[in-house]
Number of protein chains: 2
Amino acid sequence: MKVIHYNPSSLEEAVKIIRDALTSKKLMVIYGCCTIIYEGRGASRLTQGDRLVIVKRDGSVLVHRPFGYSPVNWQPETTDISLSVENGELVMKALRLTPREILEIRFTKIYTITHAILDDRGEFIEYLSEEEIRDYLSKNPSTIEEGLITIDVEKRVEPGFIDLYCRDRNGNVVIIEIKRTTASKDAVLQLKRYIDAVKKYMPRERIRGIIVAPSISKSALELTEKLKLEYKRIDISQIYKVLRSRQRGKSLLHYIGKAKS
Amino acid sequence: MKVIHYNPSSLEEAVKIIRDALTSKKLMVIYGCCTIIYEGRGASRLTQGDRLVIVKRDGSVLVHRPFGYSPVNWQPETTDISLSVENGELVMKALRLTPREILEIRFTKIYTITHAILDDRGEFIEYLSEEEIRDYLSKNPSTIEEGLITIDVEKRVEPGFIDLYCRDRNGNVVIIEIKRTTASKDAVLQLKRYIDAVKKYMPRERIRGIIVAPSISKSALELTEKLKLEYKRIDISQIYKVLRSRQRGKSLLHYIGKAKS
DNA sequence: GCCTAGGTCCCGTCT
DNA sequence: AGACGGGGCCTAGGC
């Protein structure tokens, strides 16, 4: 990777450098003093100050202030970035079509521009996404309850997708909603919706519903009881350990996340 | 703003530069080749590649790949960033305490480091947040329906907060749920929960529920009808114009967002 | 294109 | 500290 670094002496020069970087699809970082206008789903103004502006090769634009995780303004993947100099300001406009939104960055001063082509073909591997936990539990339903049998995974019903559609040792239908983190009231209501939908098709069957999560909020647990649903705690780090031991070679650090039950 | 730019010739030199920038609370941008390990609420690995790493003065860390809005790995506001050189790699560890999470960036090569103190005291002004729309509608309930009177705003009931608690021209209680963008099924269910909660206290009254939004999804509209609720479209750009005309001096661009009804 | 659901969501706010 | 809801959420997947 070769990083090229400029201290443009004028905004006109900066325009040339930025235009070059855009056409050659480089990643670009600008330190500059700017004001920002955004209009689209919402609308905002940011008065003058020093910021870091990042333009990526797919046209995504990020404006960062000196603190905080989130960009103060942004545009995800724009096809259309225009540049001009107006009234002594370098104006960069990033237009997005759906939804129709415009981000306008007006630089009064550009301190430095760096750009480079990043050679990034790295593989991103995620462990213990909800999907992975669902896969594990669908193959090991006894983790949830002895005698449970998985009938369907991600079963489509009217309101959405049922994580696990099972039957218990007594032959009852059991609908399972999995959460990777603390289950909230929303999760319980989601489960209730699925049960109501399934009940329509089997009005005479007893249908159980279980929230499966490492922890649950107090009000969510109350709601669970009120709606005659169940909550089953699972140990994520336990699943993690089992999966790790099966994937020898992929050595992982000790799992440090701990959720309360 | 003074941006300082380095091309460190060794990882040891890079450590010194980064440590300096950290202690003087600067914003720092690193172009480097690295692998990344994250463990916390989830866990991930990213194999080797060129990336942009940003460290802000509050200790937030962002790792960006050459495309996309989202950082591939991150840490929002860490108190503890440690640096070392191990086996020919510069290791930066950012630790967060609640939730307990660790981000480990292992650089095999650092191309450039820039850092600066950004003087950013700009004011960020947002227009038409849900709160602003709610304020407007509470003062102008006839926008929703002729004869409507606002009784309470953000009224606390068991499941949460009712946006607007009103009475119509016939004296019926009207519960209003406002959405700034397309209303989803969740919004409709939220409204239903509020109505059910209020019905407990006034079992004999007729209680109407209205979803107020610039647009609504097809299935949400069906659910609205099924639950005998109502949907009222509002024109955000109209409210925008009225508010703009009242705030003379704050000239705004023409509102470009258009949501379907 | 719309809609649904997840996310290391982040973030503010309130208890 | 947990809990709850909003966000220009973003992003992936289905239809």
Side-chain angles (χ1 to χ4, degrees), chain A residues 38-44 60 62 68-77 96-103 126-134 154 156-163 177-187 190 193 215-221 256-257 259-260, chain B residues 36-44 60-63 68-77 94 96-103 126-131 133-134 154 156 159-161 163 177-187 190 215-222 236 256-257 259-260:
Chain A
Y38 153 73
E39 305 249 338
R41 288 166 292 183
S44 71
S60 36
L62 305 167
Y69 161 87
S70 309
V72 61
N73 282 108
W74 69 92
Q75 199 71 290
E77 212 182 345
R96 191 186 178 193
L97 297 178
T98 51
R100 196 165 184 82
E101 302 196 284
I102 189 162
L103 179 67
E126 262 192 285
Y127 301 95
L128 294 193
S129 60
E130 188 179 287
E131 191 186 354
E132 230 175 333
I133 296 170
R134 185 171 60 227
E154 283 285 271
R156 182 88 177 96
V157 290
E158 204 327 89
F161 295 88
I162 293 171
D163 281 332
E177 176 64 30
I178 301 164
K179 289 293 162 203
R180 198 181 40 76
T181 53
T182 305
S184 66
K185 274 196 293 196
D186 267 1
Q190 205 175 330
R193 273 195 275 166
S215 56
I216 188 165
S217 76
K218 202 167 157 282
S219 64
L221 186 59
I256 61 164
K260 278 186 297 182
Chain B
I36 296 167
I37 298 170
Y38 154 73
E39 305 249 339
R41 287 164 293 182
S44 71
S60 37
V61 180
L62 307 167
V63 182
Y69 161 86
S70 308
V72 61
N73 282 108
W74 69 90
Q75 198 71 286
E77 212 183 346
R96 192 186 177 193
L97 296 178
T98 51
R100 196 165 185 82
E101 301 195 286
I102 188 160
L103 178 67
E126 262 192 286
Y127 301 95
L128 293 193
S129 59
E130 190 178 281
E131 192 187 353
I133 297 170
R134 185 172 60 228
E154 283 284 272
R156 183 91 178 93
F161 294 88
D163 282 332
E177 175 66 29
I178 300 165
K179 288 292 160 204
R180 199 182 38 77
T181 54
T182 306
S184 67
K185 275 197 291 197
D186 269 0
Q190 208 175 328
S215 57
I216 189 165
S217 77
K218 202 166 156 284
S219 63
L221 186 59
E222 283 165 13
I236 300 284
I256 61 164
K260 280 186 296 185

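Model, not experiment: these values are computed from the prediction. Labels below follow one simple rule: chain letters A, B, ... track the order of the sequence lines, proteins then strands, and each chain is numbered from 1.
The side chain to side chain contact (heavy atoms under 4.5 Å, CB included) check on A/Ser129 picks up A/Glu131, A/Glu132, with sequence neighbours excluded. In this structure B/Ser44 satisfies the side chain to side chain donor-acceptor pair (under 3.5 Å) test together with B/Asn73, sequence neighbours excluded. Legend: residues meeting side chain to side chain donor-acceptor pair (under 3.5 Å) with B/Arg96, ordered by chain and number and at least two apart, are B/Glu101. Every residue two or more places apart in sequence or in another chain was checked for a salt bridge (Lys or Arg N to Asp or Glu O under 4.0 Å) with B/Glu77, and none qualifies. Judged as a salt bridge (Lys or Arg N to Asp or Glu O under 4.0 Å), and not counting sequence neighbours, B/Glu126 has no contacts. Applying the side chain to side chain contact (heavy atoms under 4.5 Å, CB included) criterion to B/Ser219, with sequence neighbours excluded, gives B/Lys185, B/Ser217. Every residue two or more places apart in sequence or in another chain that forms a side chain to side chain donor-acceptor pair (under 3.5 Å) with B/Glu177 is listed here: B/Lys179.
Under 4.0 angstrom from either OP1 or OP2 of C/dT4 there lies at least one side-chain N or O belonging to B/Ser219. When the side-chain nitrogen and oxygen atoms of A/Thr182 are compared with OP1 and OP2 of D/dG2, none of them lie within a distance under 4.0 Å.
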5' to 3', nucleotides 5-15 of chain C under a 4.0 Å protein heavy-atom cut-off (B base, S sugar-phosphate only, - none) gives SSSBSSS----

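If you find the closest nucleotide of DNA chain C to B/Ala220 and to A/Leu97, the one lying nearer the 5' end belongs to A/Leu97. Ranked by how close their nearest DNA chain D nucleotide is to the 5' end, A/Ala183 and A/Glu77 are led by A/Ala183.
Helical stems in DNA chain D, defined as runs of 3 or more consecutive Watson-Crick or G-U wobble pairs with donor-acceptor distances under 3.5 Å: C:1-7 with D:9-15, C:9-15 with D:1-7.
If you measure from atom CG of B/Leu221 to atom P of C/dT4, you get 12 Å, rounded to the nearest angstrom. Nucleotide D/dG2 holds its P atom 16 Å from the CD1 atom of A/Ile216, rounded to whole Å.
Comparing the same atom, P, in C/dT4 and in C/dT8 gives a spacing of 22 Å after rounding to whole Å. Comparing C/dA5 with D/dG8, their P atoms are spaced 22 Å from each other, to the whole Å.
Contact check for A/Gln75 versus A/Leu62: no side-chain heavy atoms found under the 4.5 Å cut-off.
Under the 4.0 Å criterion applied to side-chain N and carboxylate O atoms, B/Asp186 and A/Arg193 are assigned as salt-bridge partners.
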